[in-house]
Amino acid sequence: MTMTKRLELVCPAGTPAALRTAVDAGADTIYCGFADETNARNFPGLNFSRDEMAAGIDYAHKRGAKVLVAINTFPRAGAGDFWRKAVADAEARAADAVILADIGLLAHVADQHPKLRLHLSVQAAAANADAINFYAREFGVKRVVLPRVLTVQEIAAINREIDVETEVFIFGGLCVMAEGRCSLSSYATGKSPNMNGVCSPASHVEYREEGGDLASRLGGFAIHRSPQGAPAPYPTLCKGCFRAGDHIGHVFEEPVSLDAAALIPQLADAGVVALKIEGRQRSRAYTEAVVSSFRRAVDAHLAGRPIPASDLRRLTEGQQTTAGAYRKTWR
Amino acid sequence: MSGAPMTKDMRLTVGPVLFNWPVETWMDFYARVADEAPVDKVVVGEVVCSKRTPFYEDRILEVVERLQRGGKKVVLASLGLLTTVRERRAAAELFAGEAAVEVNDLTALAWARPGFEVGPLVNVYSEGTLGFLARKGARSICLPPELPFAAVSALAAAAAAVGVDAEVWAYGRIPLAMSARCYHARAHNLTKDSCQFVCGVDPDGLGVDTLDDEAFLTINGVQTMSNSYCSVIGDLEALAGAGVGALRLSPHSGDFVEVARAFRAALDGDLAPEEAQRRLAENAPGAQFSHGFLMGAAGAELLGV
């Protein structure tokens with residue numbers, strides 16, 4: 001019988017308060033970013049100043065938790081120094097690793113910051129063993145966050161072919177496109193995840209009453225229409241309601257979010273070392289509920305008990321969840 | 001109005017056919033490009049879905065030879081999202097051959113030898129990444145279509161400094177995203193594994209409209225594209241001035257040779273930009289044209305009339 005390995009629970013923090021909450025709720029590791037366009041959750045009022053980052057890392061380290069700093073947008077041409085400085089500042093504040101996506105920035109860190117541990121962001125969309133081995137060989141990447149396009153079987157196959165660690169998303173928002181390779185948001189709004197660290201940004205959202213309906217618009221495009229009285233969902237582009245030929249509905253994906261708690265044992269058997277919770281933009285209450293629920297789930301798995309049924313439905317977008325691409329039928 | 005001499009030196013590339021065309025249509029397309037299109041380079045092969053490859057892979061050699069006889073430089077395309085073992089093996093074999101190959105998924109850097117080219121689906125946003133690819137032996141890079149002019153300009157300068165040719169997305173529906181899920185299959189209540197190749201009925205993709213009946217996006221199997229056709233035919237002088245060496249024209253149904261001729265004539269100063277754009281519009285009835293990305297705006301921002 002093989003020993004069950006302890007899965008690392010990697011939790012989001014959009015604010016210093018959320019970081020403390022997540023650490024106290026049992027996170028093994030926190031990931032967060034600086035309050036600028038260097039990270040892929042560049043939302044108003046979120047993220048960390050340099051001083052807050054230093055204090056947050058100190059808080060986590062004193063309690064045995066690690067902090068990963070996400071610098072995972074693609075540096076703007078002509079402004080590379082800004083991203084390189086973010087990396088240097090993360091290292092100077094004792095970050096346990098940086099999470100990067102851009103190969104130019106990875107090459108720079110491998111060269112100039114050889115002691116800094118490198119994680120490959122999901123934004124790099126390394127979806128197979130050849131790509132992962134390339135990043136490991138070229139830049140010394142130690143861990144890869146796998147894109148949400150893979151089945152559990154494919155993840156297991158990847159882990160048999162690589163020597164670096166893999167981390168997978170377990171809960172929260174669900175990208176249906178290969179991450180880091182999607183310009184849908186900038187097509188509608190001019191602001192993109194890759195360049196600006198935002199997707200379907202609130203600055204470009206309007207809710208308007210139109211002919212008895214409530215329309216949610218993004219960059220002027222109608223993404224949803226709800227009859228009056230029904231809740232109008234946030235117009236995340238790929239979860240919108242459209243017409244494609246004879247098909248009217250959620251052409252890309254329902255307004256669902258990911259909940260793969262039930263797959264924790266399979267993901268562990270597939271060789272995954274860390275489970276990642278999405279949602280740096282979420283509230284402290286959300287962070288506390290989700291982190292403690294997954295703490296219980298991971299501990300149950302370690303102790304050989306069944307994974308407790310998820311009590312997180314009410315916290316999820318649209319109240320519906322999916323195991324996403326982890327199950328092949330999703331495709 | 002005549003074009004500046006600088007635009008005369010710009011070259012035209014025909015990108016790979018991104019749609020699932022019947023093999024005879026596909027062969028006819030390349031025969032006309034070989035014989036009649038005033039273009040310098042043609043990229044041939046499957047980028048979107050490996051399930052489409054068996055329909056025409058045994059005809060690729062014939063097409064390559066035909067294009068070469070027509071004086072075109074030929075580059076083989078590799079797949080845009082490599083996941084399965086079969087897809088990885090096929091890509092590795094492609095790079096093991098003699099021909100120049102275009103990388104469309106960074107995975108292919110594992111096999112690429114000096115002299116490779118980089119397609120528009122690879123994230124080249126920064127000078128650092130461009131420099132890394134140049135050190136690996138990239139000789140040509142088609143920049144991501146979402147880049148604004150300032151970034152195109154900075155990257156074209158960086159490319160020139162290391163002897164790499166910078167190309168931009170110049171014509172056609174814009175690739176916006178790739179997924180593991182097939183949206184064509186989903187729109188027909190099928191899954192990717194049982195897709196019945198329903199993407200084959202839409203030669204320019206399946207339009208996605210908003211519930212206001214506003215044309216918005218286009219589904220092309222696992223790829224999502226813009227509904228509008230990008231056209232930078234009014235921006236040629238600025239692009240040439242920035243040091244962009246080549247323009248990528250993405251194949252569509254309709255008279256594609258006319259598209260290439262309009263761009264060539266505009267580059268040579270034989271056709272005013274407004275007149276050239278009018279020809280593009282006549283050749284693609286019903287199409288809307290955009291250049292919002294290049295302008296640093298929403299990509300969907302349409303060309304002023």
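Below, chains carry the letters A, B, ... as their sequence lines are ordered, and counting in each starts from 1.
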Which pair of heavy atoms, one from A/Val176 and one from B/Ser179, lies closest together, and at what distance?
O-OG, 2.7 Å
So which part of A/Ala157 gets closer than 4.5 Å to some heavy atom of chain B, the side chain, the backbone, both or neither?
neither
Answer key: most heavy-atom pairs under 4.5 Å with chain A among B/Gly128, B/Pro145, B/Ser226 is B/Ser226
With a 4.5 angstrom heavy-atom cut-off, could you sort out which part of B/Leu133 is near chain A: side chain, backbone, both or neither?
side chain
With a 4.5 Å heavy-atom cut-off (strictly below), which parts of residues 101-112 of chain A touch chain B? List them by number.
A/Asp102, A/Ile103, A/Gly104, A/Ala107
What is the distance from atom OG1 of B/Thr224 to atom CE of A/Met177, rounded to the nearest 0.5 Å?
3.5 Å
Within a radius of less than 6.0 Å around NZ of A/Lys191, do more than 12 heavy atoms belonging to other residues, nucleotides or ligands occur?
no
Which bit of A/Glu179 is near chain B, if near means a heavy-atom gap under 4.5 Å: side chain, backbone, both or neither?
neither
Top of A/Gly245, A/Cys241, A/Pro147 for chain B proximity - count of heavy-atom pairs under 4.5 angstrom:
A/Cys241
So for A/Thr189, is it side chain, backbone, both, or neither that comes closer than 4.5 Å to the heavy atoms of chain B?
backbone
Side chain, backbone, both or neither of B/Pro148 within contact of chain A (heavy atoms, under 4.5 Å)
side chain
Please rank A/Ile132, A/Leu184, A/Leu150 by heavy-atom pairs under 4.5 Å with chain B and give me the top one.
A/Leu184
Heavy-atom distance under 4.5 Å between the side chains of B/Asp212 and A/Arg217, does that happen here?
yes
Looking at chain B, which one of A/Cys182, A/Ala178, A/Ser186 has the largest number of heavy-atom pairs inside 4.5 Å, strictly under?
A/Ser186
Got a second to check how far A/Ile248's CD1 is from B/Asp209's CG, nearest 0.5 Å?
10.0 Å
For the student: nearest non-hydrogen atoms of B/Arg186 and A/Phe252, plus distance
NE-O, 3.4 Å
Interatomic distance, CZ@A/Phe134 vs NZ@B/Lys136, rounded to 0.5 Å, equals 5.5 Å
How long is the gap from CZ on A/Phe242 to OH on B/Tyr183, to the nearest 0.5 Å?
11.5 Å
For the backbone of A/Ala222 and the side chain of B/Thr210, can you confirm whether one donor and one acceptor N or O come within less than 3.5 Å of each other?
no
For chain A, which residues from residues 294-302 of chain B lie under 4.5 Å away (heavy-atom distances)?
B/Ala297, B/Ala298, B/Gly299, B/Ala300
Are A/Tyr135 and B/Leu106 close enough that some pair of their side-chain heavy atoms sits under 4.5 Å apart?
yes
Note: vs chain B, highest number of non-hydrogen pairs under 4.5 angstrom among A/Glu210, A/His204, A/Glu161, A/Arg137 is A/Glu161
Counting distance only, does the side-chain N/O of A/Arg243 pair as donor-acceptor with the main-chain N or O of B/Asp213 below 3.5 Å?
no
I'd like to verify something: which residue of B/Ala185, B/Gly80, B/Ala158 has the highest number of heavy-atom pairs under 4.5 Å with chain A?
B/Gly80
Given the rule in the side-chain contact (heavy atoms from CB on, under 4.5 Å) test, do A/Thr73 and B/Tyr125 qualify, once you have shown the distances and angles that lead to the verdict?
CA-CA 10 Å; A/Thr73 51; B/Tyr125 287 88; over 6 Å; no
Whether A/Arg181 side chain and B/Leu121 backbone form a donor-acceptor pair below 3.5 Å:
yes
Residue pair B/Leu217, A/Leu237: steps toward the side-chain contact (heavy atoms from CB on, under 4.5 Å) verdict
CA-CA 11 Å; B/Leu217 302 170; A/Leu237 204 162; 3.9 Å; yes
Non-hydrogen atoms of B/Glu214 and A/Gly220 that approach each other most closely
OE1-O, 4.3 Å
Can you name the nearest heavy-atom pair linking A/Phe221 to B/Ala215, along with the distance?
CE2-O, 4.2 Å
Need one label for B/Thr218: side chain, backbone, both or neither, based on atoms under 4.5 Å from any heavy atom in chain A.
neither
About how many Å separate CG of B/Asn123 and CE of A/Met195, when rounded to the nearest 0.5 Å?
10.5 Å
Kindly compute the distance separating OG (A/Ser192) from CG (B/Leu176), expressed to the nearest 0.5 Å.
11.0 Å
Looking only at heavy atoms, which two atoms of B/Val208 and A/Ala244 are closest? And how far apart?
CG2-CB, 4.3 Å
Counting heavy-atom pairs under 4.5 Å with chain A, which one of B/Ala150, B/Ser228, B/Cys195 comes out on top?
B/Ser228
Side-chain (A/Asn128) to main-chain (B/Leu82) donor-acceptor, under 3.5 angstrom:
yes
Contacting region of A/Arg148 [heavy-atom separation from chain B under 4.5 Å]:
neither
Could you tell me which portion of B/Leu109 (side chain, backbone, both or neither) has an atom closer than 4.5 angstrom to a non-hydrogen atom of chain A?
both
Chain A contact via B/Leu206 - which portion, at a heavy-atom distance below 4.5 Å:
side chain
Among B/Ser153, B/Gly131, B/Gly207, B/Gly292, which residue forms the greatest number of heavy-atom pairs with chain A at distances under 4.5 Å?
B/Gly207
For A/Tyr187 and B/Ile174, work out which heavy atoms get closest and say how close.
CE1-CD1, 4.3 Å
Among A/Cys238, A/Ser183, A/Ala127, A/Gly190, which residue has the highest count of heavy-atom pairs closer than 4.5 Å to chain B?
A/Ser183
Which portion of B/Phe216 sits near chain A, non-hydrogen atoms under 4.5 angstrom
both
